[in-house]
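Below: the structure, in structure tokens.
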Amino acid sequence: MRSEIAAVCMVFLLSACVQDASAPAPGANGSTGTATLYHNGIVLTMAGEEPNIAEALVEEDGRILFVGKLSEARERSGHQAIDLGGATLMPGLIEPHLHPSLAAVMLQNEIIAPFDWKLPSGVKKGVSGEGNYRERIAESIKQNASPGELYFIWGFHQLWHGSLSRDLLNQIAGDQPVGVIHRSFHEIYLNDAAIALLGIRQEDFAANPQVDWAKGHFYEAGWLALAPAMAPVLLEPEKYRKGLETMTAILRRNGITTIAEPVFPSSDFDAELSLLKSEMASNPPYDVYLIPSGTQLYAMKGGNDEAMAFIETLATSKDNTDNIRFLPKQVKLFADGAIYSLLMQMKDGYTDGYEGEWMTPLDLFQEQVELYWRHGYKIHVHANGDLGQQVVIDSVARLQEEQPRNDHQLTLHHMGYFTDDMADEMAELGMEASVNPYYLWALADKYSEHGLGPKRAENLVALKLLVDREIPLSFHSDFSMAPAEPLTLAWTAVNRVTAEGSRMSQDMRIGVYEALRAITIDAARTLSLESEIGSLEPGKVANFTIIDRNPLRADPMQLNDLRVTGVVYRGSFFANGDTMEDSGHPKRVGAYQEVDIDQRVEDAVAFV
């Protein structure tokens, strides 16, 4: 198949010399003559409950003008056309739960994790086994750490890497300050030198049950309490910007045109926003939406009422820019602990001594949910275990009795393990879901042996329970809990195959189109942006992702092998080359030329 880039260049060169005599004059049918025609490809609209493929699309001034028959599209467009060369044009992919602050920290520092991580600079190889892990971190510290500077390593997980402690890091690193961040990003281990460098004291954390000072271990609320002391190091501008630049390259390579940060801020509101604005000032081809963290702002502002009063100002504040916006009347809260840490709250506990944790004390959590519910907020809740989710479900049931709300769209995020009866309750209460399918691929094999046992592990993120009940469902990476690769998330949901090749609960697989909805129109719904993005319909923003093949006709096991050849962002085309370098291409334009419709296009239209 011709590459999309080559096809666009061919149209540009040929049409510079040849104009189709049948092309309409500028201004015909309401066009100003600047409208661009996309044709000779699969225009997968994602509008509707069933697949819909159009012959052509017309874009003008960053908005979709028309979707439908090629003959009518030509009448509505100007002199500019892009030949898709048989590629698939679909709505720009959406990441409704991704953390730029986490990405900026992770991507600027060392990565030593259980599995390989693909980065613009190459692949960071995974490692398994306690001895292998300790050898790798010792080698990394020796080769890369700068004396007197805190050196971070992300990716530790006890089930792959064994035990870790302050004393062990002292033995490995000596006087070099080191912080090892857990794979979950909900925990960190510090050695003596790091504790001294940060200037923290044991008495500062004496009342926090989620700090093990002797082990140098800070987790869940302990990690959040440590964040302000860590902020000057984690937010060092030069390194942080480097991390954001790498994130931008990853988003572009994977066809993502919209992201949402649902936990803003993580530690320092002004610094994080300033650094994010610095990256977005270069006008990369994606938008950022921010959802305030009611949990973090509660601590920063000194109470829930104070936090909400501050949140009320954000959507209309000067902090919003053309490509960074706070979503109005939306808030993020936290229930139980991280699934990667085996700290989620489980109704039937764990098989081998693990215990769940609450990220927010339950009385405080109930107070927060009730406050934002009564003030009409769309509430997003981090919840992983079945007990953690049940607490949220029960809260919604109670609040619907006390103060009923239509279309409240309270959304559970992550949903590592849940059951069919819980899905019934969610459907009855009008709740929605944003799920990380990657948990199954990464964790099901190990959790079958440790913590959960086979039955629960093989039914992690049982998405068909949600789809069958028509519960709105989106996918997210929670980067770096999964790679920022929407097509990989879709692949996992469709196939339910693990890192070790195990096929888990195949009756819980969902269809390809349902999975594609979860990274387009239903991902937009999670953010209440479905009227603007997520499907190819007239009036919506012209954000598109171009894929080399039709995902509806591809082998489901090859969904994650589909290649994103470029994106269109607000009407401008950005190509993906063989490298991660920023091509910076403007929209390729030219006059019409007659071309034969690719046979694959005709086959796809007939198929649908």
Could you check whether His380 and His382 have their ring centres less than 6.0 Å apart?
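No, too far apart.
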Centroid separation Tyr439 to Tyr447 less than 6.0 Å
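Not close enough - the centres of the two rings lie 6.0 Å or further apart.
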Do the side chain of [X] and the main chain of [Y] share a donor and acceptor less than 3.5 angstrom apart?
X	Y	result
Glu367	Asp363	no
His414	Gly416	no
Glu220	His186	no
Thr545	Gly255	yes
Gln210	Trp223	no
Ser474	Ala518	no

Is there a side-chain contact between [X] and [Y] (heavy atoms, below 4.5 Å)?
X	Y	answer
Leu536	Met46	no
Met247	Leu98	yes
Asp478	Tyr438	no
Leu251	Phe479	no
Ser184	Tyr219	no
Trp154	Val105	no

I'd like to know if [X] and [Y] make a salt bridge, using a cut-off of under 4.0 Å between side-chain N and carboxylate O.
X	Y	result
Asp348	Arg456	no
Arg496	Glu458	no
Asp507	Lys464	no
Arg325	Asp319	no
Glu532	Arg63	yes
Glu370	Arg398	yes
Lys347	Asp386	no

Quick check for you: to the nearest 0.5 Å, what is the distance between [X] atom [atom1] and [Y] atom [atom2]?
X	Y	atom1	atom2	result
Leu399	Trp373	CG	CH2	6.0 Å
Met415	Leu473	CE	CG	8.5 Å
Glu306	Lys301	CD	NZ	10.0 Å
Leu297	Gln368	CG	CD	10.5 Å
Gln158	Arg183	CD	CZ	12.0 Å

Residues two or more places apart in sequence or in another chain: which of them pass salt bridge (Lys or Arg N to Asp or Glu O under 4.0 Å) with Glu203?
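If we apply the salt bridge (Lys or Arg N to Asp or Glu O under 4.0 Å) test to Glu203, skipping adjacent residues, the hits are Arg201.
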If we count only N and O atoms by modelled type, under 3.5 Å, do the side chains of [X] and [Y] hold a donor and an acceptor together?
X	Y	answer
Thr411	Lys378	no
Gln202	Asp204	no
Thr488	Glu485	yes
Glu537	Thr45	no
Gln330	Tyr372	no
Glu95	His476	no
Ser434	Thr526	no

Between Phe205 and Trp213, does the side-chain contact (heavy atoms from CB on, under 4.5 Å) criterion hold? Intermediate values first, please.
CA-CA 8 Å; Phe205 300 91; Trp213 186 261; 3.9 Å; yes
Within 6.0 Å of [atom1] in [X], more than 12 heavy atoms from elsewhere:
X	atom1	result
Phe185	CZ	yes
Gln403	CD	yes
Glu50	CD	no
Asn406	CG	no

For Asp287 and Tyr569, run side chain to side chain donor-acceptor pair (under 3.5 Å): C-alpha distance rounded to whole Å, both residues' side-chain angles, the deciding distance at 0.1 Å, then the answer.
CA-CA 9 Å; Asp287 289 308; Tyr569 170 70; 2.6 Å; yes
On the 0 to 90° scale, with breaks at 30° and 60°, tag the His157-His182 ring pair as parallel, tilted or perpendicular.
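Tilted, since the angle between the ring planes falls between 30° and 60°.
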